[in-house]
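Accompanying notes for the structure given below.
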Amino acid sequence: MCLRPTQSAVSATRSRTAASGRSVTPVKRFAVLGFVVVLIALALAAYVRVGWWRMETACSVDPPGGREWNSVAFGWSWEPPGFQRTYDDGSQRTSLWF
């Protein structure tokens, strides 16, 4: 069963919106959408920067097995997702947050 609003209900809603002056224009929608996209991009950039810094710090302080390494490579892994450290012997550690 599909319920449709009556013509009087639709016109009453339009008159309330017009009377309150709170209509949403396409420009306002675009501005809000742009703000949300920028906010998400900034949060993502902050996550990557802080996560990378934490990965570098954790790597220098806590090598797995308590051994020293000659070289360590840092990167991003999609499978499993997260920051990845690869040591000179081929061992790896991946985490979303170090």
Review point. Got a sec, which residues hit side chain to side chain contact (heavy atoms under 4.5 Å, CB included) with P26, two or more places apart in sequence or on another chain?
Key: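 None.
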
Review point. Listed by chain and number, what are the side chain to side chain contact (heavy atoms under 4.5 Å, CB included) partners of R49, not counting sequence neighbours?
Key: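 If we apply the side chain to side chain contact (heavy atoms under 4.5 Å, CB included) test to R49, skipping adjacent residues, the hits are W52, W53.
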
Out of curiosity, [X] [atom1] to [Y] [atom2], how far, rounded to the nearest 0.5 Å?
X   : Y   : atom1 : atom2 : answer
S95 : M55 : OG    : CE    : 10.0 Å
E79 : S77 : CD    : OG    : 7.0 Å
Q84 : W78 : CD    : CH2   : 12.5 Å

Check your understanding: Are V50 and L96 joined in one hydrophobic group, where the rule is that I, L, V, M, F, W and Y side chains link up if heavy atoms are under 4.5 Å apart?
Key ->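 Yes, V50 connects to L96 through the hydrophobic network.
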
Check your understanding: Are L33 and V24 linked, directly or through other ILVMFWY residues, by side chains that come within less than 4.5 angstrom of each other?
Key ->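 Result: no, two separate clusters.
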
**Study point:** Within-4.5 Å side-chain heavy-atom neighbours: Y87 and Q92
**Key:**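 Side-chain contact under 4.5 Å: no.
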
Check your understanding: Should F74 and E56 count as side-chain neighbours, where that means a heavy-atom distance under 4.5 Å?
Key ->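 The answer is yes, as the side chains (C-beta and beyond) meet within the 4.5 Å cut-off.
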
Check your understanding: Does V38 sit in a hydrophobic cluster with other residues, and if so which ones, taking ILVMFWY side chains as linked at heavy-atom separations under 4.5 Å, directly or through other members?
Key ->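 Its cluster partners, ordered by chain and number, are L42.
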
Check your understanding: So which residues get pulled into L39's cluster when ILVMFWY side chains under 4.5 Å apart are joined, directly or through others?
Key ->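 Once heavy-atom contacts under 4.5 Å are chained together, L39 belongs with F35.
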
Check your understanding: In chain order, what residues pass the side-chain hydrogen bond (donor to acceptor under 3.5 Å, both in side chains) check against W76, with sequence neighbours excluded?
Key ->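 For W76, no residue satisfies side-chain hydrogen bond (donor to acceptor under 3.5 Å, both in side chains) once neighbours in sequence are set aside.
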
